[in-house]
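First the proteins, then the strands, lettered A, B, ... as listed; each starts at 1.
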Amino acid sequence: MSIDITVKIGGEAGQGIQTMGHMLALVCREAGLYLMAINDFESRIRGGHSFFQIRICDKPVQAPHHKVHLLVALNRETYDLHKGQLASGGRVIMDEIDGSGEGDLIALPFSELAKKAGGMIFANTVAAGACLALLGTPFELFKKVLSKQFGKKGADVLEKNYYAAELGYQVVKEVAFKWSFEWRADKPKGALMDGSKAIALGALAGDCRLAAFYPMSPATGIMTHLSLLSDRFPLIVEQVEDEIAAVNAIIGASFAGTRAMTSTSGGGFCLMTEGLGLAGITETPIVIVNAQRPGPATGLPTRTAQGDLHFVIRASQDEFPRFVFAPGMPDEAYEITSRAFHLSEKYQVPAIILIDQYLADSMYIAQKPYVAPERIERFIAQDDDMENPQQYKRFAVTSTGVSPRALPCAGKALVVISSDEHREDGHISEAIPDRIAMVDKRNAKVPFMIKEMNPPKEYYGESGTLLVGWGSTEGAVKEAVDRLRDEGSDIGCLNFVDLWPFPADAAVDALKKTKQFLMVEQNSTAQLGQLLREQTGFVHSGAILKYDGRPFYPNEIVDGVKKYVR
Amino acid sequence: MVGIKDYESLYKNQWCPGCGNFGILEAMKDALVSLEILPEKLLIVSGIGQAAKTPHFLKCNMFHALHGRALPLATGAKLANHDLKILVNSGDGDCYGEGGNHFMHAIRRNVDLTLLVHNNKTYGLTKGQASPTSDFGMVTPMQPRGVISEPFNGLAVALALGAGFVARGFSGNREHLSRLIREGMQFKGFSLIDIMQPCVSFNRINTYNWYKKRAYDLFEEDYMPDDLENAMKLARQWGDRIPIGVLYRKEKQNFAKHIDVLNKGPLISQQYDPARLQAVLDA
């Protein structure tokens with residue numbers, strides 16, 4: 001890669017770190033560059049330490065980098081915490097009131113310049129200006145982004161921001177930066193996208209009409225995006241009293257005929273498991289997004305993890321079919337979400353989308369245009385489809401396990417549903433044949449559901465060693481593979497997206513080609529590795545596991561692999 | 001024309017002989033017939049408990065859901081299709097115990113549905129434990145030294161939270177109860193009818209006769225249910241005289257009316273528009 005620069009902006013919560021980071025991301029996008037940015041913050045509103053780390057590349061990039069080329073320290077603590085990550089020749093810009101003197105440190109009068117521009121509120125624009133100037137960004141490009149961001153706030157605000165930016169540019173005019181590069185005017189390569197937004201858009205592409213939720217990090221962003229769009233679609237986004245209400249409300253909405261979803265994190269999902277079982281036994285389609293964070297209980301609210309795989313595939317008492325998907329990137333999250341609505345309705349089962357804080361909050365450049373489906377295929381039975389609507393049985397036994405699904409009050413057919421075990425007509429039954437028939441009927445869907453599952457994605461799948469992961473680690477694993485291959489290793493990777501019902505045959509086909517495989521997961525017990533052993537008999541020969549709440553950096557995977565492969 | 005027969009269920013009833021639920025079931029049928037609601041135009045959502053089995057013993061659309069969770073499920077259904085006519089059957093344990101939080105928030109939302117709380121002051125289906133509404137001191141096999149908590153007053157809570165239709169019925173007075181259900185269903189907004197109901201198997205204190213001696217009819221007293229303070233006094237009246245009737249009625253904008261997108265019709269009837277979505281995707 002000719003351009004591969006990481007800029008880290010750090011400071012206290014409330015200092016506008018994300019606003020500034022977003023500004024940089026918009027400038028890069030405008031110039032036709034690729035980027036990948038992570039958000040790292042504590043579970044508090046003010047104070048503490050947060051950072052936004054953006055990696056700027058001229059090729060698609062899907063993982064953060066562990067070395068920092070330019071550190072923007074909005075307080076002294078940031079410098080002390082992160083100076084160890086500086087690449088050789090890396091620089092730090094910091095307000096001179098926070099200190100000066102060290103070799104790599106460029107002390108700048110940010111506060112003074114901000115006041116000159118009109119007040120401390122402009123400190124971010126000054127710092128962003130200095131940062132972009134060091135990177136060699138044409139000033140006009142920054143102005144263009146500022147006008148898009150602040151244009152609506154009036155001429156005065158915009159002019160002051162221009163001025164603040166200019167002050168930032170001027171103050172570093174004489175400073176040399178090793179990685180300054182020539183910015184070519186190119187078209188944006190795609191939309192600026194984070195996982196939360198991609199899922200919100202995917203929900204619209206799945207024709208979701210009710211989103212009920214209770215706020216919980218890191219899942220709230222999905223609902224924020226949906227809520228902002230809700231006035232343009234037949235969509236209601238409702239914040240309810242708890243996660244139990246959320247899951248039951250979407251079951252009610254789906255039963256009445258609209259597609260519906262909720263989003264939560266592990267703790268909220270715990271509260272939803274009873275409702276998940278209700279969707280299971282009443283065969284009501286619903287979509288639940290679980291944005292994972294480390295647990296158990298409150299755990300690390302704003303951090304990332306992949307610790308809920310075993311939980312979501314088995315959650316709730318007894319047995320019933322469900323779908324579980326774990327997209328790796330926002331582009332995939334868009335498609336998986338829309339597909340989850342489709343498959344959930346087609347098979348009348350709940351669908352769970354597993355993401356994590358890392359995917360939810362990280363920014364990427366979308367690598368393909370997102371396309372709205374031409375039409376939404378519904379799986380609803382109407383009176384006209386029935387020989388005798390008055391004899392309608394909601395849980396009629398069929399060869400596929402899927403019964404024609406009518407909607408309440410839509411015709412003569414009465415829809416009778418019970419959370420108790422039931423007869424074909426939906427009324428309670430404790431009769432042995434009814435119980436067996438209903439369990440068998442629900443399970444009969446599984447072979448058909450497995451046929452819908454995509455095999456794991458292979459990247460150099462014919463290699464002697466494979467790294468095996470799932471969901472959001474895809475980008476970091478692939479980059480690790482690239483680097484190891486550059487060093488001469490015979491290595492590739494598999495990424496599982498469609499996780500349940502488990503595509504065991506496809507997994508066997510992919511694994512039998514390799515001599516050994518290593519798990520790469522963000523949990524402490526290699527949950528997918530255990531599942532592979534259970535479902536395929538194949539056993540991983542090692543695991544690179546990270547469960548500190550922070551995302552994988554490719555170099556950590558490279559180092560991990562070297563412990564097993566020489 | 002709708003007749004009682006239209007509501008007859010072929011499903012065999014499971015209640016104890018003499019159960020207070022029978023009176024409620026008959027009063028419901030009377031009300032539905034007088035409102036001329038066809039079975040296929042009615043949705044009943046219920047929780048879990050003997051009360052929540054009610055819709056099985058009627059002919060209608062029904063979702064017999066989880067313990068305590070009938071109200072959020074009904075809310076979701078109503079948001080999806082606000083043309084639905086929804087009745088909710090719940091019990092004192094189901095609604096005020098397991099579902100207490102949902103009860104409070106359903107009132108806040110003012111969703112247009114009618115909630116019937118079959119209040120027999122005991123847990124019937126699990127065989128006679130105290131319920132949230134059991135009187136202080138009531139002895140049960142599970143509370144052998146008597147209940148040591150104050151009873152939950154659903155009517156007072158509902159009034160405090162701003163419910164627009166708050167009523168108390170008695171399962172032993174079918175005609176009176178069917179009038180309450182009729183008025184509750186005609187009310188535009190959340191309507192609560194707490195129904196005093198004997199449990200012939202497990203509550204030996206609050207029997208038919210116990211209630212009969214105490215209940216007095218607010219309709220006969222020419223009571224005007226338009227004053228919150230008076231309603232609150234009546235909601236708290238318990239002992240020798242217990243008022244039955246509409247305690248409070250005040251219409252206000254219901255939940256669906258606050259949601260602009262529903263002006264275009266029920267969510268289920270609106271069209272998916274790929275162009276509109278594509279415009280957002282391309283923005």
Side-chain angles (χ1 to χ4, degrees), chain A residues 191 201 204-205 207 209-210 212 229-236 238 240-242 244-258 260 274-275 277-278 282 334 369-376 389 407-420 422 425-428, chain B residues 9 11 14 39-43 45 48 53 55-56 59-81 83-85 101-102 104-106 108-109 259-262 264-283:
Chain A
L201 295 173
L204 292 170
D207 200 18
R209 299 196 173 188
L210 177 70
L229 294 168
S230 62
D231 58 345
R232 295 194 242 172
F233 294 89
L235 169 69
I236 296 174
E238 175 64 6
V240 292
E241 58 271 23
D242 55 30
I244 300 171
V247 71
N248 283 282
I250 65 171
I251 291 169
S254 175
F255 157 71
T258 67
E274 186 198 31
L278 179 65
T282 63
Y334 171 75
Y370 292 9
V371 180
E374 260 314 300
R375 52 182 282 273
I376 302 293
L407 302 180
C409 307
K412 290 257 179 235
L414 293 180
V415 185
V416 172
I417 291 185
S418 177
S419 70
D420 283 69
H422 38 257
D425 66 5
H427 285 296
I428 301 172
Chain B
S9 170
Y11 187 69
Q14 300 175 354
E40 61 263 33
K41 291 294 166 200
L42 175 69
L43 169 62
V45 179
I48 290 294
K53 285 183 183 170
H56 286 285
K59 216 169 89 186
C60 61
N61 292 282
M62 57 166 279
F63 198 126
H64 176 206
L66 292 169
H67 192 46
R69 318 299 173 208
L71 283 171
L73 196 139
T75 301
K78 189 77 182 180
L79 288 177
N81 181 2
D83 284 347
L84 291 176
K85 264 244 158 290
N101 196 28
H102 308 310
M104 292 194 297
H105 292 277
R108 285 182 53 227
R109 273 192 202 96
I259 302 171
D260 291 345
V261 69
L262 297 183
K264 294 176 200 154
L267 279 188
I268 59 156
S269 316
Q270 296 187 34
Q271 290 299 310
Y272 166 78
D273 178 359
R276 187 167 43 191
L277 175 57
Q278 196 59 53
V280 166
L281 295 174
D282 293 340

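- Using a 4.5 Å heavy-atom cutoff, the side chains of A:E238 and B:R109 are in contact.
- Your options are B:E40, B:K78, B:R108, and the one with the most heavy-atom pairs under 4.5 Å with chain A is B:E40.
- Using a 4.5 Å cut-off between heavy atoms, A:I250 does not touch chain B at all.
- Remark: A:L278 CG to A:I251 CD1 distance equals 4.0 Å, nearest 0.5 Å.
- No other option in B:T75, B:L79, B:L267, B:V280 has as many heavy-atom pairs under 4.5 Å with chain A as B:L267.
- Using a 4.5 Å cut-off between heavy atoms, A:E274 contacts chain B through both its backbone and its side chain.
- Heavy atoms of B:K85 lying under 4.5 Å from chain A are absent altogether.
- Within the 4.5 angstrom heavy-atom criterion, atoms from both the backbone and the side chain of A:A205 approach chain B.
- Expressed to the nearest 0.5 Å, how far CZ of A:R209 lies from CD1 of B:I268 amounts to 9.5 Å.
- Of the atoms belonging to A:Y370, heavy atoms from both backbone and side chain fall under 4.5 Å from chain B.
- Nearest heavy atoms, B:D83 versus B:P266: OD2-CG, 3.4 Å.
- Put simply, the side chain of A:P408 does not reach to within 4.5 Å of the side chain of B:F63, judged on heavy atoms.
- Using a 4.5 Å cut-off between heavy atoms, A:A245 contacts chain B through both its backbone and its side chain.
- For the options B:Q14, B:K53, B:H102, heavy-atom pairs under 4.5 Å to chain A are most numerous at B:H102.
- Between A:P373 and B:L277 the shortest side-chain heavy-atom distance falls below 4.5 Å.
- Between B:H56 and B:Y11, the ring-plane angle classifies as tilted under the 30° and 60° cut-offs.
- Atom CD in B:Q278 sits 9.0 Å away from atom CD in A:E374 (nearest 0.5 Å).
- Proximity to chain B (any heavy atom under 4.5 Å) is shown, for A:I428, by both the backbone and the side chain.
- Ranked by heavy-atom pairs under 4.5 Å with chain A, the list B:L66, B:L42, B:N101, B:L43 is led by B:L66.
- Looking at A:T282, only its side chain comes within 4.5 Å of chain B, counting heavy atoms on both sides.
- The greatest number of non-hydrogen atom pairs below 4.5 Å with chain A, out of B:K41, B:M104, B:M62, is found for B:M62.
- Listed options A:L210, A:I244, A:L204 were ranked by heavy-atom pairs under 4.5 angstrom with chain B; first place goes to A:I244.
- Of the two parts of A:V371, the backbone and the side chain both hold a non-hydrogen atom closer than 4.5 Å to a non-hydrogen atom of chain B.
- A:V240 has its side chain out of reach of B:P72: every pair of non-hydrogen atoms, C-beta onward, lies at least 4.5 Å apart.
- Residues A:I236 and B:V261 are in side-chain contact: their nearest non-hydrogen atoms beyond the backbone lie under 4.5 Å apart.
- With a 4.5 angstrom heavy-atom cutoff, A:P234 touches chain B via backbone and side-chain atoms both.
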